[in-house]
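Take a look at the structure set out below.
Every heavy atom of this structure was used, including side-chain atoms; hydrogens, water molecules and symmetry mates were not.
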Amino acid sequence: MSPADSHTLLAKFDELSNTYLREEVEQALEMREELTPPLLKNLKEMGDNPLVWTIDMRNSHVYAALLLSHFSEPAAHALFLRAFAIPEELLVELWGDMTTETLPTLLYRTCDGNLEGIKQLILNREADQYVRCAAMEALSYVVAF
């Protein structure tokens, strides 16, 4: 694959596919500085308008989440807290198993030692039960690591 710019990568990530975009992810990993702002914007937009993302069948938020977590980007932490605090039916549609399988790591890798957001999520009785459990698991990661 030829070198791509951030817009091309984000557009490719947005396409629903059963195939993991390995080459595109490898390129994205080499473009941390250039990609971080649009990835953050992407995650914010999804958290602000999850219904639109569901209707449009967008997928780039998944790659944004994974890349920002890999980058240990602290600015993504509050966006994760917001993006996973959406109504349950949209949560399942947009995030699937990531809520239980990946969210603890996303929260842990981006918290930058600040546990307040994770604690608030645990205590939020209106948040999805699996999201709250994931936040508890993230808290256990902090203790373990």
* For atom CD of Glu88, is the number of surrounding heavy atoms from other residues, nucleotides or ligands below 6.0 Å larger than 12? -> no
* To do: Can you spot which of Asn42, Leu40, Leu79 makes a side-chain contact (heavy atoms from CB on, under 4.5 Å) with Leu68?
  => Leu40
* Any idea how Tyr141 and Tyr108 line up, ring-wise: parallel (<30°), tilted (30 to 60°), or perpendicular (>60°)? -> perpendicular
* Asked: For the hydrophobic clusters of this structure (ILVMFWY residues joined by side-chain heavy atoms under 4.5 Å, transitively), does one cluster hold both Leu90 and Val131?
  -> yes
* Asked: Under a 4.5 Å cut-off applied to non-hydrogen side-chain atoms, are Trp95 and Met46 in contact?
  -> yes
* Which pair of non-hydrogen atoms, one from Pro37 and one from Glu34, has the smallest distance, and what is that distance? -> CD-O, 3.8 Å
* Quick one: pull up CD in Glu15 and OH in Tyr63 and give me the separation to the nearest 0.5 Å. => 10.0 Å
* To do: Please answer whether the main-chain N or O of Ser60 pairs with a side-chain N or O of Asp14 as donor and acceptor at a distance below 3.5 Å.
  => yes
* **Criterion side-chain hydrogen bond (donor to acceptor under 3.5 Å, both in side chains) on Asp97 and Thr100, from CA distance to verdict** => CA-CA 6 Å; Asp97 288 343; Thr100 54; 4.9 Å; no
* **Derivation and outcome, side-chain contact (heavy atoms from CB on, under 4.5 Å), residues Leu107 and Leu81** => CA-CA 8 Å; Leu107 294 174; Leu81 294 171; 3.7 Å; yes
* Asked: Are any side-chain N or O atoms of Thr36 and backbone N or O atoms of Arg32, one a donor and one an acceptor, separated by less than 3.5 Å?
  -> yes
* Structure fact -> Scanning both residues in full, the closest heavy-atom pair of Ser69 with Arg109 reads O-NE, 2.7 Å
* Asked: Is there a path of hydrophobic side-chain contacts, each under 4.5 Å between heavy atoms of I, L, V, M, F, W or Y residues, that connects Met31 with Leu39?
  -> yes
* Asked: Same cluster for Phe84 and Leu51 if Ile/Leu/Val/Met/Phe/Trp/Tyr side chains link at under 4.5 Å?
  -> yes
* Asked: When hydrophobic residues are tied together by side-chain contacts of less than 4.5 Å, even through go-betweens, does Leu16 share a cluster with Leu21?
  -> no
* Asked: Taking everything shown except Met57 itself, do over 12 heavy atoms lie less than 6.0 Å from its CE?
  -> no
* **Cluster overlap Phe145 with Val143, hydrophobic side-chain contacts below 4.5 Å** => no
* To do: List in chain and number order the residues that pass ring-ring contact (aromatic ring centres under 6.0 Å, His included) with Trp53, two or more places apart in sequence or in another chain; answer none if no residue qualifies.
  => His61
* Asked: Does the side chain of Arg82 reach to within under 4.5 Å of the side chain of Leu43, using non-hydrogen atoms?
  -> no
* Go through the steps to decide whether Leu67 and Phe13 satisfy the test side-chain contact (heavy atoms from CB on, under 4.5 Å), and finish with yes or no. => CA-CA 11 Å; Leu67 288 165; Phe13 291 153; 3.9 Å; yes
* **Distance-minimising heavy-atom pair for Thr54 and Leu94** => OG1-CG, 3.5 Å
* To do: Hey, could you give me the CD/OG1 distance between Gln129 and Thr99, rounded to the nearest 0.5 Å?
  => 11.5 Å
* To do: Indicate the atoms forming the closest heavy-atom contact of His77 with Thr110, along with that distance.
  => ND1-OG1, 3.1 Å
* Check: Leu66 and Met98 side chains under 4.5 Å, non-hydrogen atoms -> yes
* Asked: Does the side chain of Phe71 come within less than 4.5 Å of Leu29's, by heavy atoms?
  -> yes
* To do: Measure the spacing between CZ of Phe80 and OG1 of Thr105 and express it to the nearest 0.5 Å.
  => 10.5 Å
* Check for a donor-acceptor pair, side chain of Asn114 on one end and backbone N or O of Glu116 on the other, with a separation under 3.5 Å. => yes
* Asked: Minimum heavy-atom separation for Gly47 to Ile86, with atom names?
  -> O-CG2, 4.4 Å
* Looking only at heavy atoms, which two atoms of Ser6 and Leu35 are closest? And how far apart? -> CB-CD2, 3.4 Å
* To do: Report the distance from atom NZ of Lys12 to atom CD of Gln27, rounding to the nearest 0.5 Å.
  => 11.0 Å
